[in-house]
Structure formats: structure tokens, C-alpha cells
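Below is one structure, written out as C-alpha cells; comments come after it.
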There are 2 protein chains.
Amino acid sequence: MSDPGKPTMSDVARMAGVSKMTVSNVVNNRVPVSDAVRQRVLEAIRETGYRLNVTARVLKSGRTGVIGLAVPDIGHAYFGHLATLVIAEARRYGLHVALEQTGAAEAGELDAIAQSHRLQFDGLILSAVGADPGTLRLPAGNFPVVLLGEQGFSGRFDHVLMPNEDGAKAATLHLIDQGCERVAFLGAGELDRLSVASRRQRGYLAAFAERGIEPDPDLMVPLSGFDLTSGREAGRWIADSGLGIDGALTVTDSVAQGVLRGLADRGVSVPGQVRLLGFDDIPEAACMVPSLSTVAPDHRWMAAKAVDLVAARIGGAEHTPAEHMAPFELKIRESTA
Amino acid sequence: MSDPGKPTMSDVARMAGVSKMTVSNVVNNRVPVSDAVRQRVLEAIRETGYRLNVTARVLKSGRTGVIGLAVPDIGHAYFGHLATLVIAEARRYGLHVALEQTGAAEAGELDAIAQSHRLQFDGLILSAVGADPGTLRLPAGNFPVVLLGEQGFSGRFDHVLMPNEDGAKAATLHLIDQGCERVAFLGAGELDRLSVASRRQRGYLAAFAERGIEPDPDLMVPLSGFDLTSGREAGRWIADSGLGIDGALTVTDSVAQGVLRGLADRGVSVPGQVRLLGFDDIPEAACMVPSLSTVAPDHRWMAAKAVDLVAARIGGAEHTPAEHMAPFELKIRESTA
DNA sequence: TTGTAGGCGTTATCAT
DNA sequence: ATGATAACGCCTACAA
């Protein structure tokens, strides 16, 4: 007795007394097959427990029907939400989405690209925050890549952009107009790097410029990360700093959520003593206490656009790379009332 | 000129003036290759932009090094968090994780299994909430599947279980011991189905039994979903119901987050007028205002165990399926003070 | 150290 | 309507 191994089309064909090709045709409902033969084949499939070997099919077609979505951290509410939307949009094209986690580091992003080749994705949507799009190395040929959320346009890929500057500017103006005189920006970084954070910080600065106010460098505070914990530390810091901060724009909603908590730790009321404004409009924002005012980019629009672009390239389109800026809305809620 | 197509080993071999096999050996660092030849091959690889076609290799080896992780909805904080942990654990085995979304429906879960075959995963970790483990159909052969978080043990798969009953019981006892006389359970379902919700509800009932208190059916309220929005509605309902509810255990932390907001909408204070307790200990729980008391299963333990089990089966282990119950801790925070 | 032959499981093409 | 043959790109086994 030899090891039976997984049954193949040949096994089915032999059992049904037909050729491999006929089995293939039955499995794929392709050319007409006589009812008698079809039944015999289906019967043989059942008996052998045969399952199509997709790898072999992929080897021939060169297509997997899978696109990668690489994000810094799926644990972050924003990316979880985004992923859900991308998956929904991809379904419209019959595309499957596999998620990669880059860890918000350049190495991870480069690896995601390498992996997307390894895993034979047909394309990749990359939410890059660490790597410079100008220097990203790609798999051979013109592999469909769409960059998401980052604003450093390289001219090499399609970019779906968030309205980082305009959104942050509108948000800051709102805080100023609400009467805040000491508005902080939480999540500051090096302005020369084209990170999400620096883009938003530029918007913050643009608002001050428009109002003819001199920004105070002490109010642009860097964070150890863009998560709840860093936010909480920042919230406590605001209370302890003695800088008289009465308004704050955070680099993300998750940070704002932490800040809210950090302020509560110190008994500081929002919006009473400090008005708080976030960025992203994650689903949790409306359910915080107080509910969080925030810059709300149209996430569905972004997901749809990104998928449309990869799908088009996968379909063979050869348009020159372009930027696509998502619309946004400033959502005013309790935290800046 | 003909379409060059993607370069293959043959292309590289031709350019380097060697055989395909030599190229293969260089690429895989296998048998010794003379330095001269190696250089020529590497040079040719660079020039052609050749990249290994993994599909072809998989067709021979039958292994992809990828496991699937199928969860109801990655947009939910809990699953996002879980995914992060599983990805980290899988890395220890050199395994890659691809995420699937099942939509919390049986159809989605069955599809996830079908897909994991389609995508040639080596194994699957399935967080099943809809399908009955007893009736799940598997890909051919003994495909490594580990069920996560569900408590209906089938005897057919390894299960990594959450302490649903014990956790909910401990939580409910805590509420009772804090002096709550009207403790509600938010997220009730049909007790006969072995869902996560019904398991937790059993724990809730067990606590009442232990204290010799008759539970009030009006206090076991079903929800339209296990998300923020349903929670918010439930919170308002608590305030409007006139049932005198002064304590509540929710089926998940996300629901509790919504409830917190719904109560705030009605000006009900937590824990002053209503004490609130969640389940899961998502990262957000500690940062809510007030911070959320919750049942905290050891997520890292669960992720590690699940990965260990699939990895073992992928490695050929043939142990009989078993249950593995995660340890938990009751985290007391402000919401039940 | 390098090359040749054959096959992994499927499908396109052309023939019957 | 069905079958034979030849790829798809790589790797194992063996030969030189």
C-alpha cells in the first residue's frame, strides 16, 4: 500500500473513467458537460474527498485574487476601523484582503512589501508612516501599490491622502474661536519629516499664522507614542505643567482618549477647563464622556478610492500615479462646547 | 518585441550562462556554488529584476508558512487587540498571520474555512461565534484548526476557552457584594445556544443562585449587537426603564463603553447611581471615564496557547483535541467603586 | 561543482 | 462533448 496523499484531479478522473480535463470542466462549470458524465465526476469527487488545489491554479493564472493591507497596528482603533472598510470595498471587486502589521517602522513597511510578494498578493495598500515613499523598493515589474494616509507624494505611487493640514488647521481655528488662548498640539515631531504628525502640526501652525498669533514652542509637545498610554501621560502633564493650557489638539483620537483620562486623573474638567479636539473620528469618539470633537476624514471614501486604484492597476490600467485627497468634516461635540 | 513578462529562473539562467538548477542553488544557498558562478548569477538576478515565485515552490512543498486568523470583526477593539497578540506569538514560530473577517455569522465562519484552503494557509485559528463547532466542515485531510473563545467543546478541535462562566459569576458577585440590589445583564440571548453571550449569562445566573437570590427576567436584556451603539441604547434604556437598575454586567467592554455614554446622555452617574462592569479588559477599559471594572482573561496566554496548538499540528503532532481554559482576573476600577 | 530529466496539480489549446 | 498535450516556475533526484 502506498500513501494515498491528497486526491488530485487525476485520481478523480481515473475513478470516473474520464480525462483530467473533463474533471476540470465540471469543477469550473466551463464548457458544457453531458449530465451523465457530470454526475459520474461529482460522485467520484465525493468519494475521493477531492479539493481543488488552488496553488496549482495560481501557478497557471498568476493571480491570487488577494490584496494586502499593511497598517502600523491593527490594535489601534483607527486601523481596525479602516481595515473593516477596506475589506468591504474589496469584496465589490471579488478581492480578498490579507492584513499585515508593520509596527509603524520603516523596516516593517519594507517587509510588508517583501511579504506581499512572498504571499503572492495581486496588489498592496500600504498605510506607510515610517518609510519614505521616495525610496521604497518594489517587487519586480510594476506591482500595484497604493499608499494610504501619508502625505509625502512621491510621484511613484497612487496616494490616497488624509486632509492632515487642512483638517488640523480648521480644528485649531475652532479652538481659538471658542476662546482658547493657550492651545497645545500633542504629538509634535520633527517638522522636516513628512509624517502624519508633522503634517497635522503644520496645520496647527497655519491656523496661528492666519490669526496673526505667535505660537508658543512650549505648547507643541512630543509624545512617546500615538496611543492611549502616551495620551494619558500627556493629559496629566497638561494639568501639572503650569503652562495654562486651555485647549488641545491631539494628533489622533486615541491620544485624545488617553488625554481625557489623564485630565480626569488630575480632576481637570473637559471642556470646562480644557477644550479637547482629536483627529480621525474613530467610532469611539462619539461615545467618550465627554464626546470628542474631532476632524473626521471620510474613511469610507478613502477605503473605496484605495481599492479602486489597486483594482484598476491589477486590471492592467497604466494611469500615471496621482494624489487623491479625502474630504473631511469638523465634528463639533461636547469636548469643545 | 515580445512581452517580457515576469523574469523566471530560466531567464536568469540564460543570462548568466548556467542552468536553472544553479540559479536555484544560489537563491536558496544550498549546495556549494563556486564564487565566480554565484557572482554571475547574482548579477543576472539584479539585471533581470528576478523574484522567486513562491507559488511554484509551494506547489512542491505544500507549505506556505501562513496561518489564518478568522475573527468576527477586526473593527471591534477586542479582536484588534487579540490579533496583535496572535501576530506576535506566531512570529516565534516563523509563521505569518493573515486576517479574515467572518462578520460574526455562521456563513462567514464556514467561508473562512473554505478560504483558508483557497489561500493555502497551513492552519487556522477561528474565533467562532456563529457556527456550531460540532458541524463545521473542514478542508480535506486533517487541517489544523484551533477554536478560540467559544465554549462549546466539540471534541473535534483544540479549543482555547475564555473563562466565560466563572468570570461573569465573579463579576456579578462583586456587584452584589458592592450593595447592588438590581443587577442587570446586558447582552442576553437564548440560553440553549452555546454562544459567548449565553455562557456569560449563565455565570451571571450562577452568582444569583449562589447568593440565593431570584433573578428578575426583566433585568436580562437582549441587545441588537455587541457594539458601542447597542450599548449606548441600552444605557439610555436603563435610565428610562424605571426598573431601578443599580448595577449592570455587560457582555463585552465595548458594550459597556456604549452604556457609559448612554447613561451620561441621561445624566445618570457611574458608579454613583449605577455600577458598571464589563468583560474582556480591552486596552480602552482603563482609560474610560470612569475607568471600567472588567473581567480580564489573559489574552496573551490565549494567543500563545492558540498559536502553540496550531504550530504543533502543522508540525505533524497528532494529540487528541482538548480544551484549554484561560486564567482570568477581576479588575476592579472606578466604575464599581 | 554543475547539468538533465521529470513531476508537483491545474488549465489553454487544439484535436477528435 | 471529450481527450491528449503542453505549459505555469520551481525543486528533488540523479548523472556528469
Side-chain angles (χ1 to χ4, degrees), chain A residues 2-45 48-65 117-122 139-141, chain B residues 2-42 44-45 48-65 117-120 122 139-141:
Chain A
S2 66
D3 177 354
K6 305 229 181 288
T8 81
M9 270 192 181
S10 297
D11 298 326
V12 175
R14 196 176 316 114
M15 170 169 284
V18 298
S19 76
K20 293 196 296 182
M21 215 40 241
T22 302
V23 177
S24 177
N25 286 330
V26 169
V27 169
N28 297 292
N29 284 322
R30 269 208 235 286
V31 294
V33 177
S34 75
D35 250 18
V37 174
R38 155 169 281 110
Q39 289 313 321
R40 254 192 300 146
V41 170
L42 289 176
E43 174 60 25
I45 287 178
T48 54
Y50 166 77
R51 302 288 242 110
L52 178 71
N53 180 327
V54 183
T55 305
R57 188 216 285 275
V58 168
L59 180 58
K60 274 226 67 110
S61 72
R63 290 270 167 85
T64 57
H117 178 257
R118 207 181 91 68
L119 300 171
Q120 298 293 125
F121 296 158
D122 289 346
Chain B
S2 66
D3 177 352
K6 305 234 181 284
T8 83
M9 271 192 181
S10 298
D11 297 326
V12 176
R14 198 175 316 116
M15 171 170 282
V18 297
S19 77
K20 290 196 299 181
M21 216 38 243
T22 302
V23 177
S24 176
N25 286 330
V26 170
V27 169
N28 298 293
N29 284 322
R30 261 200 247 287
V31 292
V33 176
S34 74
D35 250 17
V37 174
R38 155 169 281 112
Q39 289 314 321
R40 255 192 299 147
V41 170
L42 289 176
I45 287 178
T48 54
Y50 167 77
R51 301 289 240 118
L52 178 72
N53 180 329
V54 183
T55 305
R57 168 187 290 180
V58 168
L59 182 57
K60 286 231 68 140
S61 74
R63 289 269 169 86
T64 58
H117 179 255
R118 207 181 91 65
L119 299 172
Q120 298 293 124
D122 289 345

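A quick note: this is a predicted structure, and the numbers were derived from the prediction, not measured. In the text below, chain A, chain B and the rest are named by the order of the sequence lines, each starting its count at 1.
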Check against side chain to side chain contact (heavy atoms under 4.5 Å, CB included), A:Ile45 and A:Val27: CA-CA 9 Å; A:Ile45 287 178; A:Val27 169; 4.0 Å; yes
Backbone of B:Ala44 reached by a side-chain donor or acceptor of B:Thr48 within 3.5 Å: yes
Backbone N/O of A:Arg63 and side chain of A:Asp122: donor-acceptor pair under 3.5 Å: no
Side-chain touch B:Val12/B:Thr8, heavy atoms, less than 4.5 angstrom: no
Side-chain heavy atoms of B:Gln39 within contact of B:Val33, under 4.5 Å: no
Salt bridge (charged side-chain N to carboxylate O under 4.0 Å, His left out) pairs, two or more places apart, involving residues 22-43 of chain A: A:Glu43-A:Arg46
Least distance between heavy atoms, B:Ser10 atom then B:Lys20 atom: OG-CD, 3.0 Å
Residues B:Leu59, A:Asn53; criterion side chain to side chain contact (heavy atoms under 4.5 Å, CB included); working and verdict: CA-CA 9 Å; B:Leu59 182 57; A:Asn53 180 327; 4.2 Å; yes
Residue whose nearest DNA chain C nucleotide is more 5′ - B:Ala56 or B:Val37: B:Val37
Partner residues of A:Arg14 under the salt bridge (charged side-chain N to carboxylate O under 4.0 Å, His left out) criterion, sequence neighbours left out: A:Asp11
Whole angstrom is fine here: how far is it from [atom1] in [X] over to [atom2] in [N]?
X	N	atom1	atom2	value
B:Arg40	C:dT1	CZ	P	15 Å
A:Asn29	C:dT10	CG	P	16 Å
A:Leu59	C:dA12	CG	P	13 Å
A:Asn53	C:dG9	CG	P	7 Å

C:dT11 phosphate, OP1 or OP2, under 4.0 Å from A:Ser61 side-chain N/O: no
Review item, nucleotides 14-16 of chain C N/O atoms under 3.5 Å of protein N/O:
none

Nearest-0.5 Å distance, CG of residue A:Asn25 to OG of residue A:Ser19: 8.0 Å
Verdict with reasoning, A:Arg57 to A:Asn28, per side chain to side chain contact (heavy atoms under 4.5 Å, CB included): CA-CA 11 Å; A:Arg57 188 216 285 275; A:Asn28 297 292; 3.4 Å; yes
Global bending angle along the helix from C:dT1-D:dA16 to C:dT16-D:dA1, which compares the axes of five pairs at either end, to 10 degrees: 40°
Protein-nucleic acid N or O pairs under 3.5 Å, nucleotides 3-5 of chain C:
| residue | atom | partner | partner atom | Å |
| --- | --- | --- | --- | --- |
| C:dG3 | OP2 | B:Ser19 | N | 2.9 |
| C:dG3 | OP2 | B:Ser19 | OG | 3.2 |
| C:dG3 | OP2 | B:Thr22 | OG1 | 2.6 |

Outermost DNA chain D nucleotides near chain B [under 4.0 Å, heavy atoms]: D:dG9 to D:dA13
